[in-house]
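Just below is one structure, and these are the notes that go with it.
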Amino acid sequence: MNKKIVLIDGNSVAYRAFFALPLLNNNKGVHTNAVYGFTMMLLKVLEEEKPTHLLVAFDAGKTTFRHKTYGEYKGGRQKTPPELSEQFPYIRELLKAYGIAQYELENYEADDIIGTLSQQAEEHGFEVKIYSGDKDLTQLASDATTVCITKKGITDIEEYTPAHIDEKYGLTPAQIIDMKGLMGDSSDNIPGVPGVGEKTAIKLLKQFDSVEKLLSSIDEVSGKKLQEKLREHRHLAEMSKELAAILREVPLDFTVDSLEYKERDNEKIYELFKELGFNSLLEKLDHPVEEAAIHEKTSYELVTEWNEELFTDDSSFYLEMIAENYHHAPIAGFALSGGNGTYFIPAEAAVQSAVFKEWAEDETKRKSVYDAKRTVIGLRRYGIELKGIDFDIWLASYLLNPSESPEDFAAVAKLHGVSSVQPDEVVYGKGAKRKLPEQEQYAEHIASKAAVIEKLKAICLKEMEENQQLELFYELELPLALILADMEWEGVQVDVNRLKEMGEELKGRLADIEQTIYALAGTEFNINSPKQLGTILFDKLGLPPIKKTKTGYSTSADVLEKLAPSHEVVEHILNYRQIGKLQSTYIEGLLKVVDPETHKIHTRFNQALTQTGRLSSAEPNLQNIPIRLEEGRKIRQAFVPEDDDSVIFAADYSQIELRVLAHIADDEKLIEAFLHDLDIHTATAADVFHVKQDEVDSNMRRQAKAVNFGIVYGISDYGLSQSLGITRKEAATFIERYLQSYPGVKEYMDTVVREAKEKGFVTTLLQRRRYIPEITSRNFNLRGFGERTAMNTPIQGSAADIIKKAMIAAVEKLEKEKLKSKLLLQVHDELIFEVPKSEIETMKRLVPEVMEQAVKLKVPLKVDYSYGPTWYDAK
DNA sequence: TAGTTCACGC
DNA sequence: GACGTACGTGAACTAA
């Protein structure tokens, strides 16, 4: 077989890739463009060249033997950008995974290693291909050696054979060295002869063949000036040639035959691509997952009869439900893994066992779980109180990187380098086809989850420790999970009849509005269909389409509001939308999820979803019950206490985000405003418009409020312009003036963006972390988004930290004081309790106290509260 | 079944 | 090779 070796100049190709491609990021903020380009080239080489032998050479260290000849060699060269240097370890990892040899040697450059090996290889009868971004290497071309130099981009190359070099320059490969001796090379800081460029160098070499021959016959050179230059700088020419010549006698401790390209580690490659976010390349891999999907079985024992010997003091415990809503989902089974082995326990066998219950309820038996809240509720449904939970792998993974949003256990495990668990979808199917297979199949799946929790725990603990997030985990999120479990379990009482009444009324009104709309439009159509509505408004009635969407005309509220004066039907449509929303989402939607027996609603708070650390709420979402408009607000009349002897008690933080901002930005003026407990929007208006507090009119206050809103939610000038109905430029001016008024805030914004760029992430008061890869994007919009995220997340996230801390403190206080009041809901800056009338006075004192003291800031936290017979009345 | 549009909260 | 405008949940519609 013909032997063919490919020699790659690693540094040069990486450089080329880095500058040729936009600064890509993976989801952890590590730059990947050079790795990506390098990989693309490598894949192309492997496919097209099919080499039998392969080596990537790297430059080692800063100085080489050439520096002895010329101290200024490569002087003035810019430092390798850190965005590139951080990528080299990945390139090396990747080469390792591909089983490709890599080499570097102190004192020598990659060029010299390649030069030496190409010569050896030629002598051993190899065909040689050299890949680099540096044209210097073309001097190595020969009958057996082709030098491939990257042109534009990274995979576009130019092949230099002796014939090609002759055609291009009229020189032999060896003369390339002479050429550089004469003309120099600015990138390597090789001087050459001043005044001699490529043209002159080639002309001279065609005549004299080499630098030596030229220098010995300078008299024959045409042109007096040139002769002088050559005489004056002959030593420069000689030295430059020496510098430009690639050394072909590097002392190597191996031979070319040892560079055989053998086997690659597909699993490793897959993991690396995954980590780097090379999704397009992942797909092109020869399905290493499927190959690996002959998945390693976890060995486990099936337990039907409980005995104490199964339990160790520390174990991993996993409860499986295959439907999402754990308030109702059937339990598929349990798995337990610890010092004594791994066990699968069918659901019935466990929940009926006294031994199991005793273990579960024993606080001294520590349990590591996946989703503590779900596990607690699952067991509570069978009268078992799970105690002693000391780790939750799901929460831990969320704290380490909230942006990952893994969809199941397998994804969480994979994120942390454990790939022995199959995705739920593989075992249970998805959508309508989701079901429990034969026990044998899912038992092993469930067992495999319990079996790896311990391993994941160790990995995540280490990472959380590095991130200084252990306190956040153990003192905040984990205790909170148990509190949320209680809140969800407790549920909120709903006055079903009241809801139905409202539904009847709305139904009637909807029918009326519907008829009015049909009459005004002159035809019947589906008002709920944006498409049909668009046709009616813009085609039939000829109203001006103000905005377009991907699929057609926009009919959103802000568009309709602009159209309202033009045609009477529009206001009715807006009204129809509003009532329709109440009816479908809030009346019908809520009725669908009320427990028919107890008339209670049990939401699920997702504790590991938002990027900022806020909770979210689903099935139903109790964090978006209407309040702004009176009609919608009435929905809250249906949320009532469990018994007539109690009230709904709501306490909310006043301007918590802006107070947090005042604190972290350490802005004197903002702090002052809160210390005096000013109306913050009025104060902002006064500062921004340079007027006195009492000169602020309602319009100024409205605008200041919108700016504050923008600060809190990190909206863009575009967003602000939309909410104020002004131009983008005017909005930008507003923001500018705001920042001038609050120099501390301005400085904070600059600092946080700079830090985010350096570290790739931002943090909150309690060390919650959010990675922001977009922030180094070259795309203006994306980078803008990243910058706003960097400014906003510490504000919103810290506020989320604070209220979570307050929840824990409040619940502890209720227990300590042996109160019957219960925490029911959290709505971002608000806590809702159910309070026996006898405890109202106590709670009026206790709740604001606990919430205000949750953390100590440079400004006071302020809590307002109110209570009444329904949620509506707690206003 | 997946994607789009719209609307509610903070 | 550009990415889309604070983040969530959910309903209805539409196109596959």
Side-chain angles (χ1 to χ4, degrees), chain A residues 21-22 24-25 33 36 153 280 402 405 430-433 526-534 547-560 573-574 576-590 592-593 603-606 609-629 631-633 635-636 652-653 655-657 709-723 728 731 770 773-774 777-793 795-797 799-800 803 825-830:
Chain A
L21 299 175
L24 310 164
N25 270 318
N33 60 334
Y36 185 74
S280 56
S405 49
K430 69 166 173 175
K433 291 192 211 106
N526 185 346
I527 307 166
N528 281 322
S529 160
K531 196 179 163 194
Q532 292 184 36
L533 180 60
K547 227 173 28 180
K548 281 210 282 192
T549 66
K550 273 182 217 168
T551 50
Y553 305 120
S554 168
T555 65
S556 60
D558 59 313
V559 169
L560 296 188
I573 291 165
L574 281 164
Y576 182 90
R577 283 249 179 95
Q578 193 204 327
I579 311 279
K581 175 76 177 174
L582 293 178
Q583 176 77 315
S584 66
T585 305
Y586 296 105
I587 304 286
E588 289 169 0
L590 284 174
K592 260 187 250 172
V593 292
T603 185
R604 280 172 299 133
F605 288 106
N606 195 334
L609 185 137
T610 70
Q611 302 301 298
T612 54
R614 278 187 170 186
L615 299 174
S616 76
S617 158
E619 265 193 281
N621 180 354
L622 292 182
Q623 292 182 320
N624 72 343
I625 303 300
I627 190 166
R628 239 182 62 245
L629 301 171
E631 285 200 291
R633 190 173 200 156
I635 299 284
R636 295 180 174 227
D652 68 293
Y653 280 111
Q655 302 298 348
I656 187 168
E657 282 96 352
F709 178 86
I711 298 288
V712 166
Y713 289 116
I715 62 172
S716 55
D717 49 5
Y718 173 86
L720 181 62
S721 74
Q722 291 295 301
S723 69
R728 199 180 173 135
R770 179 176 186 178
E774 299 90 347
S777 168
R778 285 178 191 176
N779 178 291
F780 178 79
N781 295 315
L782 213 54
R783 190 175 62 247
F785 169 73
E787 288 170 354
R788 295 200 305 279
T789 306
M791 299 187 262
N792 162 253
T793 299
I795 302 173
Q796 208 186 109
I803 195 164
L825 298 173
Q826 187 250 48
V827 191
H828 307 310
D829 65 352
E830 182 183 17

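Lettering follows sequence order; numbering is per chain, from 1.
Looking at heavy-atom distances under 4.0 Å, Phe785(A) makes contact with sugar-phosphate atoms alone, never a base. Across all strands shown, Thr789(A) has no heavy atoms under 4.0 Å from either base or sugar-phosphate atoms. Using a 4.0 Å heavy-atom cutoff across all strands shown, Gly719(A) reaches no nucleic acid atom at all. Nucleic acid contact class of Asn528(A) (heavy atoms, under 4.0 Å, all strands): sugar-phosphate only. Across all strands, Lys430(A) comes closer than 4.0 Å only to sugar-phosphate atoms, never to a base (heavy-atom distances). Using a 4.0 Å heavy-atom criterion, one finds that Leu582(A) contacts no nucleic acid atom at all. Note on Asn792(A): nothing from the nucleic acid sits closer than 4.0 angstrom, heavy atoms only.
Counting only heavy atoms from C-beta on, Pro626(A) has its side chain closest to dG9(B) among dG4(C), dG9(B), dA6(C). Of the candidate nucleotides dC10(B), dA12(C), dT5(C), dT5(C) has the atom nearest to the side chain of Arg788(A). Considering only side-chain atoms of Thr585(A), the nucleotide from dC3(C), dC10(B), dA11(C) that sits closest is dA11(C). Among dT5(B), dA2(C), dC8(B), the nucleotide with an atom closest to any side-chain atom of Lys550(A) is dT5(B). The side chain of Thr551(A) approaches dT4(B) more closely than any other nucleotide in the set dT4(B), dA11(C), dG8(C). Residue Val827(A) places its side chain closer to dC10(B) than to any other of dC8(B), dA2(C), dC10(B). With dT4(B), dG9(B), dC6(B) as the choices, the nucleotide that has an atom nearest any side-chain atom of Arg577(A) turns out to be dC6(B).
Taking CD1 of Ile635(A) as the reference point, atom CD of Gln583(A) lies at 8.5 Å (rounded to 0.5 Å).
Judged by distance alone, the side chain of Arg604(A) and the main-chain N or O of Ala618(A) form no donor-acceptor pair under 3.5 Å. Under the 3.5 Å distance criterion, the side-chain polar atoms of Thr793(A) are left unmatched by any main-chain donor or acceptor of Gln796(A).
Side-chain atoms of Thr551(A) and Lys531(A), non-hydrogen and from C-beta on, never get closer than 4.5 Å to each other.
Comment: Arg614(A) engages Glu657(A) in a salt bridge, judged by a side-chain N to carboxylate O separation of less than 4.0 angstrom.
Protein atom CG of Leu825(A) is 16 Å distant from nucleotide atom P of dT9(C), rounded to whole Å. When the C1' atom of dG1(C) is taken as reference, atom CZ of Phe780(A) falls 19 Å away, rounded to whole Å. For the pair Asn606(A) CG and dG10(C) P, the interatomic distance rounds to 11 Å; values are reported in whole Å. dG9(B) atom P lies 11 Å from atom CD1 of Ile635(A), rounded to whole Å. Atom OH in Tyr653(A) sits roughly 16 Å away from atom P in dC10(B) (whole-Å rounding). If you take CG of Leu560(A) and P of dC6(B), they are 8 Å apart, rounded to a whole angstrom.
Between dC6(B) and dG1(C), the two P atoms lie 32 Å apart (nearest whole Å). Atom name C1', nucleotides dA6(C) and dC8(B): the rounded distance is 15 Å, in whole Å.
For residues 610-623 of chain A, proximity to DNA chain B is found at Arg614(A), Gln623(A), defined as any non-hydrogen atom under 4.0 angstrom from a strand atom.
Remark: dC3(C) base-pairs with no nucleotide in the shown strands. Criterion, Watson-Crick or G-U wobble with two distances under 3.5 Å.
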Listing time: all N or O pairs from protein to nucleotides 14-16 of chain C that are below 3.5 Å?
{"residue": "dT14(C)", "atom": "OP1", "partner": "Ser529(A)", "partner atom": "OG", "Å": "2.6"}
{"residue": "dA15(C)", "atom": "OP1", "partner": "Lys531(A)", "partner atom": "NZ", "Å": "2.6"}

